*Asks:* 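My questions will all concern the structure given below.
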Amino acid sequence: MPPLSRSAPRNAGRCRFPAPIPMSYARPPPDRPDFGGVVTKGRTLTKSAFPVSRRALVAGGALGLFGLVAPAAAAKKPHRHETNAATKDMPLVADPTGTPLVYPPLVDVKPGETYELAAAPATHAFLKDRPVAVIGYGGSYMGPALRLKRGETATVRVVNRLERPTNVHWHGLMVEGRWDGGTGPVLAPGESFEARLAVDQPAATLWYHAHVHGHTTRDVHDGLAGLLIVDDGTAGLLGLPQTWGVDDLPLVLQDRDFDEKGTPVLPPLSAALEHGFRGHTPIVNGIADALARVPERLVRLRLLNAAGARTFRLAFEDRRPFHLVATDGGVLDAPVELTFLPLAPGERAEILVDFSVGPANLMTEPDVHEHRMGAEVVSLPDVLSGPTRVVAFAPERDSGPAAPLPKALVPLAALPESTLGLPRRRFELRVGPAAAAATAHAHGGMTMAMPAGAVDPYTGHVTAGAADAPALTINGKSFAADRIDEKVTLGATEVWEIVCPDMAHPFHLHGAQARVLSEDGERPKLWNAGVKDTVLVENSAELLITFGRSADAATPFVFHCHLLEHEDGGMMGTFTVT
Ligand code: C2O
Ligand code: CU
Ligand code: CU
């Protein structure tokens, strides 16, 4: 099949912006489509803008710039699972080994029925033949994939069968604030809530997960996440593979460290607030060292990054090209050929991969990330030292039809010629030292029920906000559930300028979808050309957002960093749409 490439999004260069984005901070290197070595530079820690004690550096290494490493975390070295150390000696699955990948069951939620989704204890084996106790939806670690039809209203009864408070947020689903689950209601053990989900948006791969402030990192880690599929009946028309579990494969990407029993372990929130936890072992649909048997033809992979902090930097080991066909909010106007795709926490991407050319290993490059401190740039290493296999694919001949690569999908709405005259808001995401002015706000609304630094009676973990914790803020404010930060007019189209001076953040908002107008003042990256609800912002980005769902002050929408430790630590704000 002829490779279909597209050099630039169709809208490139068509927007003019009233003012350039101030860039007083250092720029990171451009995204490297190359899948190779690690660039490290500018390691002069002592001259940094934020004072760093030597003790903190010794205790925490590069991940403890603010001296946040708790003694307990430092003492408990996670067991390193041996399957992911290196990629050499990793055959291109000629003799396939690995744990067979399984897919969450696809469940149609029909109008007129009430589907019960219980958050409950479960048993799951992340590592082969080593079942451990977890929690999950519907009694499984990776809950059912709920499929909703456009034009219908689904009723889902969320039931809390756990011993911790919980709720469910429908990430990417465009529903009113009262059904969104982002801020409430929070269900005590034994309680339930009926969400009425009126589905009116194009087909897309969405997800659902727990969203209790201060607990999301732990809850998603422990298993409270599942897929949500919107179906509008167009997949067949567009020629996209659509047989679930055969040529339409959901791959939920996460990373974990395990103890000797095979139970995932997570450091206390306070120890990972600044950069988040990254595990040594990639897991797919909850399975480490996964092997997927796939038909020897074009297959659709629905990728979701449900990790807390890791950006998966994906490429096939043999560098084969693949085609991006959909982003968070649905299909692109045409497939985009890529060999490399970064996927940040919360983001989704649907890709078409041709397995007629042989077996493949999907790899992730280490998630080396940068912390910019004034003129200094600190490159923070990942726990992965090299490209690491996420999943192996073993193609097999089958009788299914070999679909060609679709030439066109659905036209994206044209971006405006100019954004002059549109309301603009600016959001600055900061990871600041505790002594910054922001600290005044840092602990006010840290959790709904507990003071900062308290031990959570449900999970035993220490909440964020210890005295020396970094201030995680948006526009100088840490999250407060009872404060409305922005008021948007229903139906309005606005430009939101997201500015990340310290490091990259995956910016997410509820109740609305965005188009990326620019990144660092330039045209968006290829993989950000579609409809998005989560955007990895390296330095700055301009988002064009139309607010089509209402949310009042009782159940406002939220915007936040989807690096879950940042979200739990307070990098979140509220907005109403009325
Ligand atoms: Cu996926 Cu506010 O979250
Ligand atoms: Cu969301
Ligand atoms: Cu962040």
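Model, not experiment: these values are computed from the prediction.
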*Asks:* Quick one: pull up CD in Glu519 and CD1 in Ile498 and give me the separation to the nearest 0.5 Å.
*Replies:* 12.0 Å

*Asks:* Determine whether a donor-acceptor pair (N or O, by modelled atom type, separation under 3.5 Å) exists between the side chain of Ser550 and the backbone of Val577.
*Replies:* no

*Asks:* Distance from Phe316 atom CZ to Phe322 atom CZ, nearest 0.5 Å?
*Replies:* 6.5 Å

*Asks:* Using only heavy-atom distances, determine whether the side chains of Thr546 and Thr493 contain a donor-acceptor pair under 3.5 Å.
*Replies:* yes

*Asks:* Determine yes or no for a side-chain-to-main-chain donor-acceptor pair under 3.5 angstrom, with Glu428 supplying the side chain and Asn475 the backbone.
*Replies:* no

*Asks:* Are the side chain of His371 and the backbone of Val378 linked by a donor-acceptor contact shorter than 3.5 Å?
*Replies:* no

*Asks:* With a 4.5 Å cut-off on side-chain heavy atoms, are Asp367 and Leu384 touching?
*Replies:* no

*Asks:* Does any N or O in the side chain of Arg310 come within less than 3.5 Å of the main-chain N or O of Pro345, such that one atom is a donor and the other an acceptor?
*Replies:* no

*Asks:* Would you confirm whether Glu497, through its side chain, and Ala541, through its main-chain N or O, come within 3.5 Å as a donor-acceptor pair?
*Replies:* no

*Asks:* Is there side-chain contact between Asp328 and Val535, with heavy atoms separated by less than 4.5 Å?
*Replies:* no

*Asks:* Would you mind checking if Arg549 and Asp180 are paired as a salt bridge, meaning a charged N to carboxylate O distance below 4.0 Å?
*Replies:* no

*Asks:* Show the numbers, then the answer: is there a ring pair (Phe, Tyr, Trp, His ring centres under 6.0 Å) between Trp496 and His508?
*Replies:* CA-CA 12 Å; Trp496 282 23; His508 169 55; over 10 Å; no

*Asks:* Going by an N to O cut-off under 4.0 Å, is there a salt bridge joining Arg372 and Asp502?
*Replies:* no

*Asks:* Do Phe575 and Leu509 come close enough that some side-chain heavy atom pair is under 4.5 Å?
*Replies:* yes

*Asks:* Would you say Thr574's side chain and Arg483's backbone share a donor-acceptor pair under 3.5 angstrom?
*Replies:* yes

*Asks:* Does a side-chain heavy-atom distance below 4.5 Å link Arg302 with Val252?
*Replies:* no

*Asks:* So which atom in Met174 and which in Ala512 form the shortest heavy-atom distance, rounded to 0.1 Å?
*Replies:* SD-N, 3.3 Å

*Asks:* Report yes if the side chains of Leu224 and Ile135 come closer than 4.5 Å at any heavy-atom pair, otherwise no.
*Replies:* yes

*Asks:* Less than 3.5 Å apart, any donor N or O on the side chain of His171 or His562 sitting next to an acceptor on the other?
*Replies:* yes

*Asks:* What's the spacing between Leu251 CG and Glu350 CD if we round to 0.5 Å?
*Replies:* 11.0 Å

*Asks:* Let me know which of His566, His213, His510 forms a ring-ring contact (aromatic ring centres under 6.0 Å, His included) with His560.
*Replies:* His510

*Asks:* To the nearest 0.5 Å, tell me how far Phe547 CZ sits from Thr576 OG1.
*Replies:* 10.5 Å

*Asks:* Counting N and O atoms only, with roles assigned by atom type, does the side chain of Arg256 sit under 3.5 Å from a partner on the main chain of His221, one being a donor and the other an acceptor?
*Replies:* yes

*Asks:* Going by an N to O cut-off under 4.0 Å, is there a salt bridge joining Asp222 and Arg164?
*Replies:* yes

*Asks:* Less than 4.0 Å between a side-chain N and a carboxylate O, is that true for Arg278 and Asp255?
*Replies:* no

*Asks:* Hey, does Arg430 have a side-chain heavy atom less than 4.5 Å from the side chain of Ile474?
*Replies:* no

*Asks:* Is there side-chain contact between Gln513 and Lys532, with heavy atoms separated by less than 4.5 Å?
*Replies:* no

*Asks:* Determine whether Phe507 and Leu429 satisfy the following criterion, side chain to side chain contact (heavy atoms under 4.5 Å, CB included), listing intermediate values before the conclusion.
*Replies:* CA-CA 9 Å; Phe507 181 85; Leu429 281 57; 4.1 Å; yes

*Asks:* So does Glu494 pair up with Arg425, basic N to acidic O under 4.0 Å?
*Replies:* yes

*Asks:* Would you compute the distance between atom CG of Leu564 and atom OG1 of Thr217 and round it to the nearest 0.5 angstrom?
*Replies:* 5.0 Å

*Asks:* Any side-chain heavy atom of Leu412 sitting closer than 4.5 Å to one from Arg515?
*Replies:* yes

*Asks:* Verify, without hydrogens or angle tests, whether Asp257 (side chain) and Val265 (backbone) share a donor-acceptor contact under 3.5 angstrom.
*Replies:* no

*Asks:* Going by the side chain to side chain contact (heavy atoms under 4.5 Å, CB included) test, name the single residue among Leu303, Ile351, Leu526 that passes it with Leu324.
*Replies:* Ile351

*Asks:* Begin from the C-alpha positions of Met503 and Glu370 and carry the test side chain to side chain contact (heavy atoms under 4.5 Å, CB included) through to its verdict.
*Replies:* CA-CA 6 Å; Met503 65 179 75; Glu370 292 183 328; over 6 Å; no

*Asks:* Give me the one residue out of Asp219, Leu472, Leu269 that meets side chain to side chain contact (heavy atoms under 4.5 Å, CB included) with Asp568.
*Replies:* Leu269

*Asks:* Using only atom types and a distance under 3.5 Å, with no angle test, would you say the side chain of Asp533 pairs donor to acceptor with the backbone of Gly329?
*Replies:* no

*Asks:* Does Thr205 offer a backbone N or O that forms a donor-acceptor pair with the side chain of Arg348 under 3.5 Å?
*Replies:* yes

